[in-house]
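Reading through the structure tokens given below for one structure.
Quantities reported herein were computed from a predicted structural model and do not represent experimental measurements. Every number for a ligand or one of its atoms is a count from 1 in the order of the listing.
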Amino acid sequence: MKTKIEKLLAEVHDFKANSKEEVEAFRIKYLGKKGLLNDLFTEFKTVNAELRKDLGKAINTLKNTTQDKVSTLKEQLEDTAEQTGQFGDLTRPAAALEIGSRHPISLVKNEIIDIFNRIGFTVSEGPEIEDDWHNFTALNLPEHHPARDMQDTFFIQQNPDILLRTHTSSVQTRFMENNKPPIRTISPGRVYRNEDISARAHCIFHQVEGLYIAKNVSFADLKQTIQYFTKEMFGKSEIRLRPSYFPFTEPSAEVDVYWGLETETDYKITKGTGWLEIMGCGMVDPNVLKNMNIDPEEYSGFAFGMGVERIAMLRYQIGDIRMFFENDKRFLSQFKAAL
Ligand code: DAH
């Protein structure tokens with residue numbers, strides 16, 4: 001009998017339960033009316049007087065241990081039940097955090113800023129609501145100059161002097177007003193034109209303007225700077241400068257980069273030529289320097305301006321400029337990986 005009790009005691013010690021039902025079954029098996037302990041007590045009655053003391057003790061120990069075991073197991077199970085109730089299953093994978101993404105225009109703008117920062121250009125900004133002087137007149141575009149027709153302007157109310165800037169070139173004049181040469185700055189920003197909205201044009205878009213003024217700045221410096229930019233931005237350094245006209249630069253040029261004709265899209269975007277126009281540029285017109293009280297005999301410089309949407313459309317193969325302004329989450333969430 002003694003060995004039986006010891007065996008049962010060891011079993012009680014080792015018993016483990018995962019549910020209340022298991023604990024209850026365990027309790028009934030040992031402590032129930034027809035349980036093992038009752039059997040032992042019945043058997044105990046037949047035991048010799050000299051063995052009684054010893055065996056009685058052993059049975060009691062088994063009974064107490066079993067009772068203790070049942071209540072500890074119950075408590076433990078209640079604790080975990082409480083925790084699961086409160087926090088759910090603590091071992092389950094966490095819910096995915098919805099992270100936002102940068103707008104493709106910001107991505108491209110930041111990349112352009114980065115590229116020019118590396119060669120010493122600072123970033124400058126100006127107001128989007130501008131006056132005629134900074135947007136036009138100071139840039140060698142006097143009131144009745146025909147070149148004003150190139151940019152359809154939104155005027156603010158009836159005041160012909162206050163307008164939404166039509167280009168970031170207005171920041172050039174603001175910057176020259178407040179800073180002495182040498183000047184090396186780029187100005188990213190939003191611009192506005194009174195244009196019909198289509199897949200290729202919008203009344204709001206973004207430009208990045210560049211301005212470099214110092215002693216002995218030459219056209220070769222301009223070309224080198226642009227070549228560095230196209231190399232960094234597109235991995236392409238074959239460029240050509242086509243003579244053009246802008247009132248604020250003389251001479252002026254439009255920059256084409258050789259994009260190649262490898263894919264069908266290349267054919268489409270380059271109209272089968274392989275060449276792609278990416279910006280306007282030129283040597284700052286001496287009249288502009290004079291307007292800003294910079295001596296054109298002492299200083300010279302170059303300027304350039306590019307459209308951010310156009311570059312973003314090339315970079316991400318986006319076929320419609322309106323996508324940038326609709327804020328459709330299905331479009332925007334595609335740029336998550338580009339953070
Ligand atoms: N402001 C011009 C435009 O909006 C772009 C431009 C051309 C900027 C030549 C310049 C430049 O600084 O030199 O079309």
In terms of the angle between their ring planes, are F324 and H103 parallel, tilted or perpendicular, with boundaries placed at 30° and 60°? tilted

For A303, the ligand 1 atoms with a heavy-atom partner under 4.0 Å come out as 12 (O), 13 (O)

Step by step, work out the salt bridge (charged side-chain N to carboxylate O under 4.0 Å, His left out) result for D131 and R174.
CA-CA 11 Å; D131 52 39; R174 292 217 167 248; 3.7 Å; yes

protein heavy-atom neighbour closest to atom 10 (C) of ligand 1 works out as E209 OE2, 3.4 Å

So the atoms of ligand 1 within less than 4.0 Å of a heavy atom of F246 turn out to be 7 (C), 9 (C)

Of E254, R165, R193, M306, the residue with the heavy atom nearest atom 4 (O) of ligand 1 is R193

For Q172, the ligand 1 atoms with a heavy-atom partner under 4.0 Å come out as 12 (O)

Any non-hydrogen side-chain atom of T270 less than 4.5 Å from a side-chain atom of Y258?
no

A student checking ligand 1 against G282 at a 4.0 Å heavy-atom cut-off should list atoms 13 (O)

Atoms of ligand 1 under 4.0 Å from any heavy atom of S169, numbered from 1 in the order shown, are 1 (N), 8 (C)

Once you measure the plane-to-plane angle for F44 and F41, does it fall in the parallel (<30°), tilted (30-60°) or perpendicular (>60°) bin? perpendicular

Applying ring pair (Phe, Tyr, Trp, His ring centres under 6.0 Å), run through H167 and F248 and close with a yes or a no.
CA-CA 12 Å; H167 51 186; F248 29 89; 5.6 Å; yes

Would you call the rings of F15 and F26 parallel, tilted or perpendicular if under 30° counts as parallel and over 60° as perpendicular? parallel

- Just checking, is any N or O donor in the side chain of S187 or S124 under 3.5 Å from an acceptor N or O on the other one? yes

query: N/O to N/O below 3.5 Å, does that happen between T166 and ligand 1?
result: no

Check your understanding: Would you say F248 has any N or O atom under 3.5 Å from an N or O of ligand 1, going by distance alone?
Key -> no

> Applying a strict 4.0 Å limit to heavy atoms, is Q207 in contact with ligand 1?
Replying inline: yes

